[in-house]
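Worksheet: the structure to be examined is printed underneath.
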Amino acid sequence: MYSHNQIPIIVLSGGKGERFIGKTNSPKQLSKVSKHPIIVEVMLYYFKNGFNFFILPLGYKKKFFINFFHNKNNIKKYNLNIIKSSKFDLVKDKINVVLFDAGVSTNKLKRINKSLKFLDNDNKLFGVCYGDIYANINFKKQLSLIKNEKIFGVLASFKERSPYGHLNIDKKNRIKSFIEKPIMNNPINIGFYFFKKALFTKLSFNKKDDLETDLLPKLCKKLQLVSHMHKKFHFTVNTQKDLFDIKKIYKKNKNFFKNL
């Protein structure tokens, strides 16, 4: 089994988030639901599970992230070690963070690729997540699926409940039954990944290739990607309404994030 402190986590945090907020406002990853910003809650959950090295390939609104993570009060509050040079040692009991400019228009796959320069020879695996998703993933079970030498990636999946009422219709267009917001058969990808670093030397990519549209389909075609079915809590913050909804959940249970 891989040691968690040898697995860096790339937190994708450079997107525009256009469905969420305007150009001059703080990015959604730094919005607060609890007393901590969303991206910090995500990192704290990883840290609680043994991961202590995070790479943030910044882009859009990078100054907000730089100002937050370099703030002395936040460094003390969250026990951060902000890495500022290319040669560094991780501090075992701290949340070690690398922030770098990956470019404003750089897509997710390129952000991941640019982040690999911070991995050393001991890092055979790396994780990838989005900075706006809450989920109490069982990382130990997820990582157990990538031990097979033929598997190069594992993602967390989730069976989502449909937001609509579904109809069961017969051949004569008669409605036989109505199902209100059923759990859908096909699970969704909720954006918590682990990849073997070696896959980037085995697969070739074009300049415009991206994570979901190109890398994942290539791995699927080669039967090198597996799914860890997550059955507990999951919530993605895409819009202001999503932020309002997760705040309502937290308001009902102030220990919500502690129990993730």
Side-chain angles (χ1 to χ4, degrees), residues 7-32 36-44 46-47 51-91 94-121 123 125-133 191-195 197 199-201 203 205-216 237-238:
I7 304 177
I9 305 298
I10 300 169
V11 185
L12 297 173
S13 47
K16 292 185 177 181
E18 292 173 334
R19 287 180 289 175
F20 182 79
I21 208 161
K23 292 182 179 180
T24 60
N25 300 90
S26 174
K28 66 179 175 179
Q29 296 93 337
L30 292 176
S31 299
K32 287 186 177 181
H36 311 307
I38 298 171
I39 193 171
V40 172
E41 289 286 6
V42 173
M43 293 167 70
L44 288 173
Y46 272 103
F47 187 66
F51 301 89
N52 71 345
F53 181 26
F54 300 89
I55 303 169
L56 276 62
L58 303 178
Y60 193 65
K61 296 186 177 180
K62 65 181 180 181
K63 288 184 179 179
F64 286 92
F65 293 100
I66 292 170
N67 291 339
F68 177 86
F69 282 99
H70 283 83
N71 181 280
K72 291 182 179 179
N73 292 331
N74 290 333
I75 289 173
K76 183 178 180 180
K77 180 178 180 180
Y78 298 118
N79 195 27
L80 303 176
N81 174 39
I82 305 301
I83 296 166
K84 299 179 181 179
S85 64
S86 58
K87 295 181 179 179
F88 56 87
D89 293 318
L90 301 181
V91 180
K94 288 184 178 289
I95 297 177
N96 299 273
V97 183
V98 166
L99 302 102
F100 75 100
D101 185 2
V104 174
S105 59
T106 309
N107 66 28
K108 294 171 189 172
L109 186 57
K110 286 183 180 178
R111 291 181 191 282
I112 293 170
N113 225 330
K114 289 186 175 187
S115 298
L116 298 184
K117 63 186 176 183
F118 296 104
L119 276 60
D120 62 27
N121 293 332
N123 302 134
L125 283 179
F126 63 92
V128 177
C129 74
Y130 307 130
D132 56 6
I133 299 177
F192 290 85
Y193 309 90
F194 289 101
F195 296 111
K197 187 170 62 172
L199 80 86
F200 280 85
T201 62
L203 289 179
F205 301 101
N206 296 319
K207 289 183 178 181
K208 294 184 179 180
D209 282 357
D210 207 346
L211 174 62
E212 296 94 344
T213 56
D214 300 285
L215 173 61
L216 299 185
V237 180
N238 281 323

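Residue numbers count from 1 along this sequence. All heavy atoms count here, side chains included; hydrogens, waters and symmetry mates do not. In this text, all values refer to a predicted model and were calculated from it rather than measured experimentally.
Asn71 contributes no side-chain N or O that, together with a main-chain N or O of Asn67, makes up a donor-acceptor pair within less than 3.5 Å. A donor-acceptor pair is defined here as one N or O able to donate and one able to accept, closer than 3.5 Å; such a pair exists between the side chain of Lys28 and the backbone of Val237. A donor-acceptor pair under 3.5 Å is absent between the side-chain atoms of Asn123 and the main chain of Leu125, judged by distance alone. No donor-acceptor distance shorter than 3.5 angstrom exists from the side chain of Ser31 to the backbone of Gln29, with no hydrogens or angles considered. The backbone N or O of Leu12 lies less than 3.5 Å from no partner atom in the side chain of Arg111, so there is not a single donor-acceptor pair.
Counting heavy atoms from C-beta outward, Leu211 and Asn107 have side chains that stay 4.5 Å or more apart. Within the 4.5 Å cutoff, the side chain of Tyr78 has heavy atoms near those of the Phe68 side chain. At a threshold of 4.5 Å between non-hydrogen side-chain atoms, the residues Ile112 and Phe200 count as touching. Phe65 places a side-chain heavy atom less than 4.5 Å from the side chain of Ser13. Counting heavy atoms from C-beta outward, Lys197 and Leu119 have side chains that approach closer than 4.5 Å. Residues Leu99 and His70 form a side-chain contact, since some pair of their non-hydrogen atoms from C-beta on lies under 4.5 Å apart. Residues Cys129 and Ile9 meet the side-chain proximity criterion, which asks for heavy atoms closer than 4.5 Å. Put simply, the side chain of Asn81 does not reach to within 4.5 Å of the side chain of Leu90, judged on heavy atoms.
The side-chain hydrogen bond (donor to acceptor under 3.5 Å, both in side chains) check on Lys94 picks up Asn79, with sequence neighbours excluded. The side-chain contact (heavy atoms from CB on, under 4.5 Å) check on Asp209 picks up Leu109, Phe205, Asn206, Asp214, Lys218, with sequence neighbours excluded. Lys110 pairs by the salt bridge (Lys or Arg N to Asp or Glu O under 4.0 Å) definition with nothing, not counting sequence neighbours. Taking the side-chain hydrogen bond (donor to acceptor under 3.5 Å, both in side chains) definition, one finds that Asp210 meets it with nothing, sequence neighbours left out. Taking Tyr130 as the reference, Tyr193, Glu212 meet the side-chain hydrogen bond (donor to acceptor under 3.5 Å, both in side chains) condition, with sequence neighbours excluded. With sequence neighbours excluded, the residues satisfying side-chain contact (heavy atoms from CB on, under 4.5 Å) with Phe47 are Asn52, Ile95.
Two rings, from Phe53 and Phe88, have their centers less than 6.0 Å apart.
Remark: of the listed residues Asp89, Val97, Asn96, Asn96 is the sole one forming a side-chain contact (heavy atoms from CB on, under 4.5 Å) with Ile83. The side-chain contact (heavy atoms from CB on, under 4.5 Å) test with Leu56 is passed by exactly one of Ile10, Val98, Ile39: Ile39.
Taking the six-membered ring for Trp and thresholds of 30 and 60 degrees, Phe54 and Tyr46 have ring planes more than 60 degrees apart, a perpendicular arrangement.
Here the shortest heavy-atom pairing between Ile75 and Phe69 reads CG1-O, 3.4 Å.
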